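Down below is the structure, laid out as C-alpha cells.
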Amino acid sequence: MALTGRAALLAALGTLPVGIWAPGWTGILAVNIPLALACACDFALAAPVRRLGLTRSGDTSVRLGEAADVTLTVTNPTARPLRARIRDAWPPSSWQPGTEVTASRHRLTIPPGERRRSTTHLRPTRRGDRQADRVTIRSYGPLGLLARQGTHNVPWTVRVLPPFTSRKHLPSKLARLRELDGRTSALTRGEGTEFDSLREYVPGDDTRSIDWRATARQTTVAVRTWRPERDRHILLVLDTGRTSAGRVGDAPRLDASMDAALLLAALASRAGDRVDLLAYDRRVRAQVQGRAAGDVLPSLVNAMARLEPELIETDARGLTATALRTAPRRSLIVLLTSLDAAPIEEGLLPVLSRLTQRHTVLVASVADPHIEHMATARGNTDAVYEAAAAAQAQTERHRTAEQLTRHGVTVVDATPNDLPPALADAYLALKAAGRL
C-alpha cells in the first residue's frame with residue numbers, strides 16, 4: 001500500500017484530534033477522519049496488482065548501437081478498472097545515459113477484462129545479454145489518494161550483437177574477389193590455384209602459363225588461366241586475454257578484432273572457404289565449427305555477443321594446441337591478438353613453429369590511433385616528450401612484427417577503422433598468391 005502525493009497534500013491541510021486506545025497504551029493521535037475514510041475507499045476500489053497477467057513480446061536480438069522494442073502486455077482479469085503506473089526495469093546498460101526514466105516508465109488504464117500494451121524502447125550500450133528485471137506496478141483508486149503496489153517477474157532476454165560496422169567494405173572486397181575468381185576479364189595465376197580455362201597469349205603474359213600441348217593443336221599460342229582454390233579452411237582465433245581489454249577509443253581492442261574477423265568471415269564464406277572461430281585465453285571461451293556458408297555469419301555474431309576480455313595472461317601453448325586440434329589439416333590461421341613485445345616474445349614465438357610448420361599463419365593486431373596522433377605532436381616540451389614516447393612504442397611494434405615475419409607469418413597492424421579492410425586485403429593477397 002502506498003500513500004500518494006495527493007493524499008499527503010490533503011492530510012497537510014488539516015487534521016482532527018481523536019482519542020484512541022490500545023492495550024497498554026492510551027494517547028491522542030491526530031487523524032483526518034474524512035481523509036482516512038476517503039483513502040480507505042480509494043484503496044478498496046483500486047485494482048489488485050497480484051491478479052494481473054503480464055507477458056512480453058518483441059525483439060530478442062539487436063546490434064550494438066541500434067534500438068530494440070520490447071512490448072509488455074498487461075491483462076486485467078478483475079472487475080475493477082486498472083489505473084496504473086508501470087516501471088519496466090532493465091540493466092543500466094540497456095539505455096543511453098539519461099534516458100532510463102522516460103523509457104522505462106509507462107501509464108496504463110485498462111477496463112475490466114481487457115488488456116493493453118506498452119512498449120519499452122531499449123538502446124543498449126554494451127554487447128551481451130540484457131535480461132529484464134522486475135516489473136513494478138502501482139494501481140491507483142479513482143481518487144488517486146492511495147495505491148496498491150506489487151512486482152511481477154516477466155523474463156525476457158535481448159542479445160546485443162557486435163555492430164559489424166565494417167560491412168560497408170564488403171561490396172568492394174567482393175568485387176576484388178570476383179576478379180580473383182575468374183568471373184571478370186582479370187584472371188589470376190599462381191601456384192596452388194585451380195585451372196580455369198585456356199585463352200590466346202597476349203604480350204606480358206607469364207611464359208610459364210603457356211600450354212604447349214594446346215598450342216600444338218592450334219595456330220596460336222594458348223595460355224592457361226587460373227582461379228583461386230575453393231573450400232579452403234580459415235580458422236579465426238580471438239585472443240580474449242588481458243591485452244584484448246585495453247581500450248582503443250571508446251571500445252576494447254577485442255571489439256575491433258571482432259569487427260575485422262566478421263568482415264573476413266563474410267568475405268571468405270562468399271569465396272567458398274570454410275570458416276571456424278576459436279576464442280581463447282586460458283580456456284575456450286567460444287567456438288564455432290562446421291557451419292554452412294549461409295550460417296557462418298549469424299553463428300559467429302551470436303558466439304561473439306557474449307565474449308568479454310578476461311584480465312588474465314593468455315596461455316600461448318594452450319592456444320596453439322587447441323588451434324592445432326581445431327584445424328588438423330592445412331589451414332589459414334588468423335590470430336587476432338596484440339603486438340605487445342612481452343606477450344609475443346615470451347608467449348607466442350616459442351611455440352609459433354608448431355603452427356607455421358603445418359599452416360599459413362596471419363597475425364592481425366589493433367593499433368592505437370592516439371599513438372599515431374602523439375607521434376606527430378610538436379610545439380612545446382610536453383608534446384615533444386609525447387612524440388618521443390609514441391615513436392618508441394611504434395618502434396617496438398615494428399620490431400615485434402619483423403620477428404613474426406621472419407618466422408613466415410603475415411602481419412597486419414592497423415587502427416580499428418583500418419584493420420577490417422586491411423585484413424581482408426591480406427586474405428585476398430594470400431589467395432591471389434596461391435598460398436591458401
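This one's a predicted model, so the numbers in the text were calculated from it and none came from an experiment.
Formation of a donor-acceptor pair under 3.5 Å by the Thr314 side chain with backbone atoms of Asp239 is not found in this model. Of the possible donor and acceptor atoms, one in the side chain of Arg291 sits under 3.5 Å from a partner among the backbone N and O of Gln289. Ser94 places no side-chain N or O within donor-acceptor distance of the main-chain N or O of Trp90, the cut-off being under 3.5 Å. The closest donor-acceptor contact from the side chain of Ser365 to the backbone of Leu339 lies under 3.5 Å. At distances below 3.5 Å, not a single donor-acceptor pair connects side-chain atoms of Arg138 with backbone N or O atoms of Ala84. Here the side chain of Arg167 pairs a donor or acceptor atom with the backbone of Pro163 at under 3.5 angstrom. Of the possible donor and acceptor atoms, none in the side chain of Arg107 sits under 3.5 Å from a partner among the backbone N and O of Arg85. Proximity of a side-chain donor or acceptor of Arg127 to a complementary backbone N or O of Pro124 within less than 3.5 Å is not detected. Using a distance-only test at 3.5 Å, with no hydrogens or angles considered, a donor-acceptor pair links the side chain of Asn380 to the main chain of Asp382.
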message: Could you go through Ser338 and Asp340, starting from their C-alpha distance and side-chain angles, then the distance that decides it, and tell me whether this counts as side chain to side chain donor-acceptor pair (under 3.5 Å)?
response: CA-CA 5 Å; Ser338 168; Asp340 293 349; 3.1 Å; yes

task: For the pair Thr360 and Arg330, evaluate side chain to side chain donor-acceptor pair (under 3.5 Å) and give the outcome as yes or no after the intermediate values.
output: CA-CA 8 Å; Thr360 301; Arg330 183 167 183 80; 3.1 Å; yes

- request: Verify side-chain contact (heavy atoms from CB on, under 4.5 Å) between Arg397 and Gln394, making sure each step is shown before the conclusion.
  value: CA-CA 5 Å; Arg397 291 180 71 88; Gln394 289 176 331; 5.7 Å; no

message: With side chain to side chain donor-acceptor pair (under 3.5 Å) as the criterion, how do Ser299 and Asn302 come out once you've worked through the C-alpha distance, each side chain's angles and the decisive distance to 0.1 Å?
response: CA-CA 5 Å; Ser299 299; Asn302 272 304; over 6 Å; no

message: Could you go through Val135 and Leu54, starting from their C-alpha distance and side-chain angles, then the distance that decides it, and tell me whether this counts as side-chain contact (heavy atoms from CB on, under 4.5 Å)?
response: CA-CA 9 Å; Val135 177; Leu54 281 77; 3.7 Å; yes

- request: Go through the steps to decide whether Glu402 and Arg399 satisfy the test salt bridge (charged side-chain N to carboxylate O under 4.0 Å, His left out), and finish with yes or no.
  value: CA-CA 5 Å; Glu402 289 173 359; Arg399 184 170 59 248; over 6 Å; no

message: Checking Val74 against Ile110 for the side-chain contact (heavy atoms from CB on, under 4.5 Å) test, could you report, in this order, the C-alpha distance in whole Å, the side-chain angles of both residues, the deciding distance, and whether it holds?
response: CA-CA 8 Å; Val74 183; Ile110 307 177; 3.7 Å; yes

- request: Please report the C-alpha distance between Val409 and Thr356 in whole Å, then the side-chain angles of each, then the deciding distance to 0.1 Å, and finally whether the side-chain contact (heavy atoms from CB on, under 4.5 Å) criterion is met.
  value: CA-CA 8 Å; Val409 175; Thr356 55; 4.0 Å; yes

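For the pair Ala387 and Arg378, the tightest heavy-atom approach, listed with the atom from each and the gap, is CB-NH1, 3.2 Å. Considering every non-hydrogen atom in both Leu262 and Val301, the closest pair reads CD2-CG2, 3.8 Å. Scanning both residues, Leu236 and Ala265, for their nearest heavy atoms gives CD1-CB, 4.0 Å. Counting all heavy atoms, side chain and backbone alike, Ile371 lies closest to Ala390 at O-CB, 3.4 Å. Here the closest non-hydrogen pair linking Pro252 and Ala245 is CB-O, 4.1 Å. The minimum heavy-atom distance linking Val158 with Asp59 is given by the pair CG2-O, 3.5 Å.
Counting heavy atoms from C-beta outward, Leu423 and Leu263 have side chains that stay 4.5 Å or more apart. The side-chain heavy atoms of Val363 and Thr337, taken from C-beta on, include a pair separated by under 4.5 Å. Side chains of Arg358 and Ser331 form no contact here, defined as non-hydrogen atoms less than 4.5 Å apart. Side-chain contact between His407 and Leu349 is present, with heavy atoms from C-beta onward closer than 4.5 Å. For the pair Val361 and Thr410, the minimum side-chain heavy-atom distance is 4.5 Å or more. Residues Ile137 and Arg148 have side chains not in contact (no heavy-atom distance under 4.5 Å, counting atoms from C-beta outward). Counting heavy atoms from C-beta on, the side chains of Thr151 and Asn153 never come closer than 4.5 Å. Counting heavy atoms from C-beta outward, Leu324 and Leu355 have side chains that approach closer than 4.5 Å.
Residues Thr165 and Asp259 have side chains that bring a donor and an acceptor to within less than 3.5 angstrom of each other.
The existence of a salt bridge linking Asp425 and Arg176 is excluded, since no basic side-chain nitrogen approaches an acidic carboxylate oxygen closer than 4.0 Å. Under a 4.0 Å N-O distance rule, the pair Arg87/Glu100 qualifies as a salt bridge. Using a cutoff of 4.0 Å between basic side-chain nitrogens and carboxylate oxygens, Arg242 and Glu313 are scored as salt-bridged. Salt bridge annotation for Arg123-Glu66: absent, with no cationic side-chain nitrogen under 4.0 angstrom from a carboxylate oxygen. Comment: Asp315 does not engage Arg282 in a salt bridge, judged by the lack of any side-chain N to carboxylate O separation of less than 4.0 angstrom.
Put simply, CD1 on Ile333 and CG on Leu362 are 11.0 Å apart, with the number rounded to the nearest 0.5 Å. From Leu238, atom CG reaches atom OG of Ser244 across 8.5 Å, with rounding to the nearest 0.5 Å. Rounding to the nearest 0.5 angstrom, the gap separating the CG atom in Leu348 from the CZ atom in Arg317 is 11.0 Å. Taking CZ from Arg253 and CG from Leu419, the interatomic distance works out to 11.0 Å, rounded to the nearest 0.5 Å. Atoms CG and CG, from Asp281 and Leu319 in turn, are 9.0 Å apart once rounded to the nearest 0.5 Å. The distance from the CG atom of Leu352 to the OG1 atom of Thr320 is 7.5 Å, given to the nearest 0.5 Å.
Dense packing is recorded around CZ of Arg63, with more than 12 heavy atoms of other residues, nucleotides or ligands lying under 6.0 Å away. Within 6.0 Å of CZ in Arg126 there are 12 or fewer heavy atoms belonging to other residues, nucleotides or ligands. At most 12 heavy atoms of other shown residues, nucleotides or ligands fall within 6.0 angstrom of atom CZ in Arg134.
Arg130 pairs by the salt bridge (Lys or Arg N to Asp or Glu O under 4.0 Å) definition with nothing, not counting sequence neighbours. In this structure, the side-chain contact (heavy atoms from CB on, under 4.5 Å) partners of Ala268, at least two apart in sequence or on a different chain, are Ile234, Asp273, Val275, Tyr427.
For the side chain to side chain donor-acceptor pair (under 3.5 Å) condition, the pairs that include at least one residue of residues 111-121, sequence neighbours left out, are Asp69-His121, Thr71-Thr119, Asp88-Thr120, His106-Thr120, Glu114-Arg116.
For the pair Arg285 and Tyr280, the cation-pi test (distance below 6.0 Å, angle within 45°) is failed.
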